[in-house]
Amino acid sequence: MSFSDKILKWYQENKRDLPWRGIRDPYKIWLSEIILQQTRVAQGTPYYFKFIEAFPTINDLANAKEEQILKLWQGLGYYSRARNLHTAAKMVVNENDGIFPGTYKELLKLKGVGDYTASAISSICFNERQAVVDGNVYRVLSRYFGIDIPINTTKGIKYFKNLAQEVLHSNNTSDYNQGIMEFGAIQCTPKNPNCEKCPLSNSCVALEKDKIKTLPVKVGKTKVRTRYFNYLVPITRNLENDKFTQLRQRKGKGIWQNLWEFPLWESEKEIDAIEVEKVVLKKFKLDGLSEITLHNENPIVHKLSHQHLHTKFWIIEGDFKFKKCIKTLDLINYPVPVLIADFMKTFKF
DNA sequence: AAGTCGGGGTC
DNA sequence: GACCCAGACTT
């Protein structure tokens, strides 16, 4: 049996029963693929159900408010995926009568759809001969064929796409592509792969040369930037004793684009209440200030893949009259970063 | 070619 | 703490 025959056979005997398995509706497969980019199946699955329920068709998704999409996406990370999802849905509805593209080439034009996702949709839904290359495939191929070209270089990306295309199973690309990914996720795992019981073990170069632990090769390491966030949480009441606060939408570049947060003061280093009061009086124009209290004794360190956010939440109480204020009871409706959502859970407004 | 974009699981 | 996850986009 060839490499691809063994993968296919292993898949048919070992595949998990996932919600999007056995489906060839390109809308649903696309949705699942976007959700699963850089995301584990266990983390993404609940989001897949939420989105299918809220937006049964691509028309529903295209007609939704971005706010609603981001709210449903909250907690999944990489929020550009959600924004691009909306853009792509509108593209299909407005420019293609709601008919989802049916070829690799056409799929690539959709915002948020790159080589991997276009290959996945076109092969799974239409059995097109396009090999997927995701993190699983890099691992399986680099080990089995003993390839030590770094996978995160232009050369490596091109090399592995070509290799994947060469070994692609010819007449069942749908199951084969899902099979090699499933094989990487369950059998040929990053750590402690199950080589003792592997259908490819007698011809795996990495196993023979004891290179399982060093393959695949990846170069460079993301350096982490430390930032100091001070969230100024204003709280005021009206005559009926309803509580109000304020959120602002993040714009421009950087993290959490279009998500909401409390007024933010970013500092060069950790700051204290004295400094916060100066900032509040100068920059935030909150007339009626009565008290500033620190919510968390020690900074909360929120870790992103390339930023560590040392965060203090300052509760600013007073008799304010700001324009865009919101009832604290309505906070739940806004899409916010996990850092903010966690604060809202622990703080009693 | 290198940098940016999240949050969570695993070892 | 380091690495990874059904990657794509921007600079």
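Note on naming: letters A, B, ... go to the chains in the order of the sequence lines (proteins, then strands), and numbering restarts at 1 for each one.
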K.L.:
Do the side chains of A:Glu182 and A:Arg16 get close enough for a salt bridge, i.e. N-O under 4.0 angstrom?
P.N.:
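Between A:Arg16 and A:Glu182 there is a salt bridge, with a charged N closer than 4.0 Å to a carboxylate O.
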K.L.:
Considering only the P atoms, how many Å lie between C:dA8 and B:dG9, rounded to the nearest integer?
P.N.:
24 Å
K.L.:
Rounded to the nearest Å, what distance is computed from the CD atom of residue A:Gln257 to the P atom of nucleotide C:dT10?
P.N.:
10 Å
K.L.:
Mind checking A:Thr222 for me? I need base, sugar-phosphate or nothing, with any heavy atom below 4.0 Å counting as a touch.
P.N.:
nothing
K.L.:
Return no unless some side-chain N or O of A:His302 is found under 4.0 Å from OP1 or OP2 of B:dG7.
P.N.:
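The answer is yes; a side-chain N or O of A:His302 sits under 4.0 Å from OP1 or OP2.
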K.L.:
Give A:Val132 one of three labels, base, sugar-phosphate or nothing, depending on what nucleic acid heavy atoms sit under 4.0 Å from its own.
P.N.:
nothing
K.L.:
Quick check: on DNA chain C, is the nucleotide nearest A:Asn84 upstream (toward 5') of the one nearest A:Val41, or the reverse? Name the residue that is more 5'.
P.N.:
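So the residue in question is A:Val41.
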K.L.:
If you measure from OH on A:Tyr116 to CD1 on A:Ile121, what distance do you get to the nearest 0.5 Å?
P.N.:
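Interatomic distance, A:Tyr116 OH to A:Ile121 CD1, rounded to 0.5 Å: 9.0 Å.
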K.L.:
Whole Å only: how far is the NZ atom of A:Lys303 from the P atom of B:dG6?
P.N.:
18 Å
K.L.:
By the 4.0 Å heavy-atom rule, please label A:Trp73 as base, sugar-phosphate, or nothing.
P.N.:
nothing
K.L.:
Between A:Asn152 and A:Gly77, name the one whose nearest nucleotide on DNA chain B is closer to the 5' end.
P.N.:
A:Asn152
K.L.:
Just say parallel, tilted or perpendicular for the rings of A:Phe55 and A:Phe51, cut-offs at 30° and 60°.
P.N.:
tilted
K.L.:
B:dT4 phosphate, OP1 or OP2: any side-chain N/O from A:Lys223 under 4.0 angstrom?
P.N.:
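Checking B:dT4 against A:Lys223, no side-chain N or O comes under 4.0 Å of OP1 or OP2.
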K.L.:
Counting only heavy atoms not in A:Asn94, do more than 12 sit closer than 6.0 Å to its CG atom?
P.N.:
yes
K.L.:
May I have the distance from A:Leu259 (atom CG) to B:dG7 (atom C1'), rounded to whole angstrom?
P.N.:
13 Å
K.L.:
When you measure from the side-chain N and O atoms of A:Lys221 to the phosphate of C:dG1, is any distance below 4.0 Å, counting only OP1 and OP2?
P.N.:
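It does not, given that no N or O in the side chain of A:Lys221 lies less than 4.0 Å from OP1 or OP2 of C:dG1.
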K.L.:
In this structure, how many angstroms lie between the C1' atom of B:dC5 and the OH atom of A:Tyr78, rounded?
P.N.:
5 Å
K.L.:
Report the distance from atom CD1 of A:Ile35 to atom C1' of C:dA8, rounded to the nearest whole Å.
P.N.:
16 Å
K.L.:
If you assign A:Glu182 and A:His308 each to the DNA chain C nucleotide with the nearest heavy atom, which residue ends up on the more 5' nucleotide?
P.N.:
A:His308
K.L.:
Could you check whether A:Gly75 gets within reach of a base, just the sugar-phosphate, or nothing at all, counting any heavy atom under 4.0 Å?
P.N.:
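Answer is sugar-phosphate: A:Gly75 comes under 4.0 Å of backbone atoms only.
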K.L.:
Can you identify which nucleotide, out of B:dC11, C:dA8, C:dA6, has its nearest atom closest to the A:Ala185 side chain?
P.N.:
C:dA6
K.L.:
Describe the nucleic acid contact of A:Leu76 in one word from base, sugar-phosphate, nothing, applying a heavy-atom distance below 4.0 Å.
P.N.:
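Base contact.
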K.L.:
To the nearest angstrom, how far is A:Leu304 atom CG from C:dC5 atom P?
P.N.:
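Whole-Å distance recorded here is 19 Å.
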K.L.:
Under 4.0 angstrom, heavy atoms only, what part of the nucleic acid is A:Arg139 near: base, sugar-phosphate, or nothing?
P.N.:
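The residue A:Arg139 makes sugar-phosphate contact but no base contact.
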K.L.:
Contact class for A:Gln307 (heavy atom, under 4.0 Å): base, sugar-phosphate, or nothing?
P.N.:
sugar-phosphate
K.L.:
OP1, OP2 of B:dC5 versus side-chain N and O of A:His306: anything below 4.0 Å?
P.N.:
yes
K.L.:
Rounded to the Å, how far apart are A:Lys155 NZ and B:dA2 C1'?
P.N.:
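From A:Lys155 NZ to B:dA2 C1': 18 Å.
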K.L.:
So A:Arg21, base contact, sugar-phosphate only, or nothing? Heavy-atom distance under 4.0 Å.
P.N.:
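Base, at least one base atom sits under 4.0 Å.
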K.L.:
At 4.0 Å (heavy atoms only), tell me whether A:Leu18 reaches a base, stays on the sugar-phosphate, or touches nothing.
P.N.:
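Result for A:Leu18 = base.
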K.L.:
Which of these passes side chain to side chain donor-acceptor pair (under 3.5 Å) with A:Ser123: A:Asn172, A:Asp175, A:Asn177?
P.N.:
A:Asn177
K.L.:
Given atom CZ of A:Arg81 and atom P of B:dG7, what is their separation to the nearest angstrom?
P.N.:
11 Å
K.L.:
Checking only heavy atoms, does the side chain of A:Arg40 share a donor-acceptor pair with the base of C:dC4 at less than 3.5 Å?
P.N.:
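Result: at least one qualifying N/O pair found.
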K.L.:
Report which part of the nucleic acid A:Asp115 touches: base, sugar-phosphate, or nothing (heavy-atom distance under 4.0 Å, all strands).
P.N.:
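Sugar-phosphate: the residue A:Asp115, judged by heavy atoms under 4.0 Å, touches backbone atoms but no base.
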K.L.:
Under 4.0 Å between a side-chain N or O of A:Trp256 and OP1 or OP2 of B:dG7?
P.N.:
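Result: yes.
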K.L.:
Please evaluate the base of B:dG6 for a donor-acceptor partner in the side chain of A:Ser305 within a cut-off of under 3.5 Å?
P.N.:
yes
K.L.:
For A:Tyr79 and B:dG7, is the shortest distance between a side-chain N/O and OP1 or OP2 below 4.0 Å?
P.N.:
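Result: yes.
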K.L.:
State, yes or no, whether a side-chain contact exists between A:Arg83 and A:Gln257 at a heavy-atom distance under 4.5 Å.
P.N.:
yes
K.L.:
Roughly how far apart, to the nearest Å, are C:dA6 and B:dG3 at atom C1'?
P.N.:
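Comparing C1' positions in C:dA6 and B:dG3 gives a spacing of 23 Å.
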K.L.:
Counting only side-chain nitrogens and oxygens, does A:Gln38 get under 4.0 Å of the OP1 or OP2 atom of C:dG7?
P.N.:
yes
K.L.:
Check the phosphate of B:dG8 against A:Thr39, side-chain N and O only, distance under 4.0 Å to OP1 or OP2. Yes or no?
P.N.:
no
K.L.:
Would you indicate what A:Gly254 reaches in the nucleic acid, counting non-hydrogen atoms under 4.0 angstrom: base, sugar-phosphate, or nothing?
P.N.:
sugar-phosphate
K.L.:
Is the shortest heavy-atom distance from the side chain of A:Lys161 to the side chain of A:Ser119 under 4.5 Å?
P.N.:
yes
K.L.:
Given A:Tyr104 and A:Asp115, is the side chain to side chain donor-acceptor pair (under 3.5 Å) satisfied, shown in steps?
P.N.:
CA-CA 8 Å; A:Tyr104 168 83; A:Asp115 184 84; 2.4 Å; yes
